[in-house]
Amino acid sequence: MDGGNQSWVSEFILFGLSQSQSVQVLLFVMFLILYLFIMSGNIIIIVLITTDHHLHSPMYFLLANLSFVDMWLSSNTTPKMVSDFLRENKTISFPGCMTQVFFTHCIPAGEMVLLVAMAYDRYVAISKPLHYFTIMNLKRCTGLVLISWTTGFIHAMSHLVVILELPFCGPNKIDSYFCDTPLLIKLACMNSHDVGILMNTGCGIVAITCFILLLISYTCILITVHQSSKSGASKALSTCSAHITVVMIFFVPCIFIYVWPLNSTWFDKFLAVFYSVFTPLLNPAIYTLRNKEMKNAMTRFISKYIGPKKIGLEK
């Protein structure tokens with residue numbers, strides 16, 4: 001890879017999700033609404049956890065950080081995708097493309113580690129309830145969040161450095177709605193097979209390691225729950241089932257895109273949309289609709305901040 005200084009491409013052309021104008025208008029409306037729901041849903045979770053003292057616990061501290069990460073995950077590609085639906089020429093500058101590459105790997109890798117931290121939190125809460133707040137103190141929770149962001153940054157930089165060293169001297173059309181490592185590697189003016197294997201290996205190490213840790217954590221949790229009382233088991237299973245649902249809808253698309261690619265363009269687009277749009281959208285719904293404390297916090301927030309104003313207007 002000695003052609004780093006031969007990168008002549010100044011911008012890339014994105015094909016997007018569809019070439020039909022009528023379909024693009026429909027997709028524009030749909031994804032704009034979904035993006036607004038993503039941002040508002042995750043902001044509501046962060047506000048509730050921040051303002052309600054009943055939610056000032058390690059589990060909700062990590063959940064607030066997950067919502068923050070999900071907002072970044074969707075914002076990396078969705079606004080550009082939505083705006084491109086109204087453009088005939090869908091282009092992205094070389095620096096803009098590299099920025100997408102960085103955050104496309106930084107945010108998911110960080111979220112994977114954060115999901116492992118949330119599983120560890122649930123394991124401590126169920127297996128060692130008397131020592132829970134001692135073990136999961138603010139310092140440790142903050143450390144876990146910093147580890148997740150550090151892991152994401154290192155993983156993303158390893159990809160970005162390799163991509164920046166590739167020579168892009170001609171082809172600049174990307175059959176997708178955003179820039180990503182596998183798509184850019186195919187455009188390099190060199191034999192990029194080994195580079196592709198290297199990048200997939202890097203993604204595989206992060207994804208498979210986190211997935212195995214999650215499987216171990218939730219297996220230990222289920223074993224502990226099975227041996228505990230029925231009342232405690234019911235609440236624990238309810239919380240863990242929400243976590244497991246989030247893990248599955250996040251990891252499965254990532255694994256098929258980066259670790260075990262199927263070389264199907266339309267399927268890769270579907271999976272990319274799923275984990276960058278639908279996962280951040282489903283997380284707030286899963287954690288609020290299935291969580292009694294979050295629903296109670298929402299009721300308290302409405303009665304405290306919205307209820308009095310409504311009464312004042314009526315007077």
Side-chain angles (χ1 to χ4, degrees), residues 1-19 24 27-28 31-32 35 69 71-111 149-203 206 253-254 257-258 261 263 265-266 268-273 275-277:
M1 292 187 292
D2 57 350
N5 295 325
Q6 300 175 17
S7 298
W8 302 318
V9 173
S10 61
E11 66 178 15
F12 294 94
I13 300 173
L14 303 173
F15 285 179
L17 295 179
S18 174
Q19 300 299 315
Q24 290 188 75
L27 291 176
F28 168 80
F31 282 107
L32 177 60
Y35 182 67
V69 171
M71 290 169 61
W72 276 92
L73 177 64
S74 182
S75 297
N76 180 42
T77 57
T78 307
K80 171 65 176 171
M81 174 181 66
V82 170
S83 64
D84 279 347
F85 286 134
L86 302 180
R87 296 174 181 172
E88 184 176 351
N89 297 319
K90 303 174 178 59
T91 61
I92 183 171
S93 65
F94 189 89
C97 187
M98 295 303 107
T99 301
Q100 278 195 340
V101 169
F102 176 81
F103 285 108
T104 296
H105 290 275
C106 177
I107 300 168
E111 182 161 339
W149 279 105
T150 302
T151 303
F153 178 81
I154 294 174
H155 176 69
M157 284 302 298
S158 67
H159 280 256
L160 185 60
V161 168
V162 173
I163 293 298
L164 289 174
E165 287 296 316
L166 294 178
F168 298 103
C169 56
N172 67 337
K173 295 181 180 179
I174 300 175
D175 191 5
S176 184
Y177 64 94
F178 73 110
C179 293
D180 199 4
T181 304
L183 303 172
L184 290 172
I185 289 175
K186 294 179 181 179
L187 299 181
C189 302
M190 58 175 287
N191 186 352
S192 57
H193 180 264
D194 292 340
V195 179
I197 294 177
L198 177 65
M199 295 294 95
N200 287 341
T201 301
C203 292
V206 175
C254 288
I257 292 175
Y258 300 109
N263 295 322
T265 302
W266 71 267
D268 286 343
K269 289 182 182 181
F270 169 77
L271 292 176
V273 168
Y275 92 83
S276 65
V277 177

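In this text, all values refer to a predicted model and were calculated from it rather than measured experimentally. Residue numbers start at 1 and run along the sequence shown.
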Using a 4.5 Å cut-off on heavy atoms from C-beta on, say whether the side chain of [Y] contacts that of [X].
| X | Y | value |
| --- | --- | --- |
| D194 | L198 | no |
| H159 | C203 | yes |
| I92 | F178 | no |
| F15 | K173 | yes |
| Q100 | N76 | yes |

For [X] against [Y], the heavy-atom pair lying closest together:
| X | Y | answer |
| --- | --- | --- |
| C189 | P171 | SG-CD, 4.3 Å |
| D175 | K269 | OD1-NZ, 3.0 Å |
| L271 | P253 | O-CB, 3.8 Å |
| I174 | C179 | CD1-SG, 3.9 Å |
| P167 | M190 | CD-SD, 3.6 Å |

What distance separates [X] [atom1] from [Y] [atom2], expressed to the nearest 0.5 Å?
| X | Y | atom1 | atom2 | value |
| --- | --- | --- | --- | --- |
| M81 | S74 | CE | OG | 7.5 Å |
| I185 | T181 | CD1 | OG1 | 6.0 Å |
| F12 | F168 | CZ | CZ | 5.0 Å |
| S158 | H105 | OG | NE2 | 8.5 Å |
| T78 | M71 | OG1 | CE | 12.0 Å |
| F103 | M98 | CZ | CE | 13.5 Å |

Side chain to side chain contact (heavy atoms under 4.5 Å, CB included) between L183 and L187, intermediate numbers included: CA-CA 7 Å; L183 303 172; L187 299 181; over 6 Å; no
Return the orientation label for the F153 and F102 ring planes: parallel under 30°, perpendicular over 60°, tilted otherwise. perpendicular
Return the set of residues passing side chain to side chain contact (heavy atoms under 4.5 Å, CB included) with K90 (not counting sequence neighbours), or none when no residue passes. L14, Q24, D84
May I have the step-by-step check of side chain to side chain contact (heavy atoms under 4.5 Å, CB included) for L184 and L166, ending in yes or no? CA-CA 9 Å; L184 290 172; L166 294 178; 5.8 Å; no
What verdict does the side chain to side chain contact (heavy atoms under 4.5 Å, CB included) test give for L17 and F31, after you've listed the backbone C-alpha separation in whole Å, the side-chain angles of each residue and the deciding distance to 0.1 Å? CA-CA 12 Å; L17 295 179; F31 282 107; 3.9 Å; yes
Partner residues of Y35 under the ring-ring contact (aromatic ring centres under 6.0 Å, His included) criterion, sequence neighbours left out: none
Does T77 offer a backbone N or O that forms a donor-acceptor pair with the side chain of Y177 under 3.5 Å? no
Does CH2 belonging to W72 count more than 12 external heavy atoms closer than 6.0 Å? no
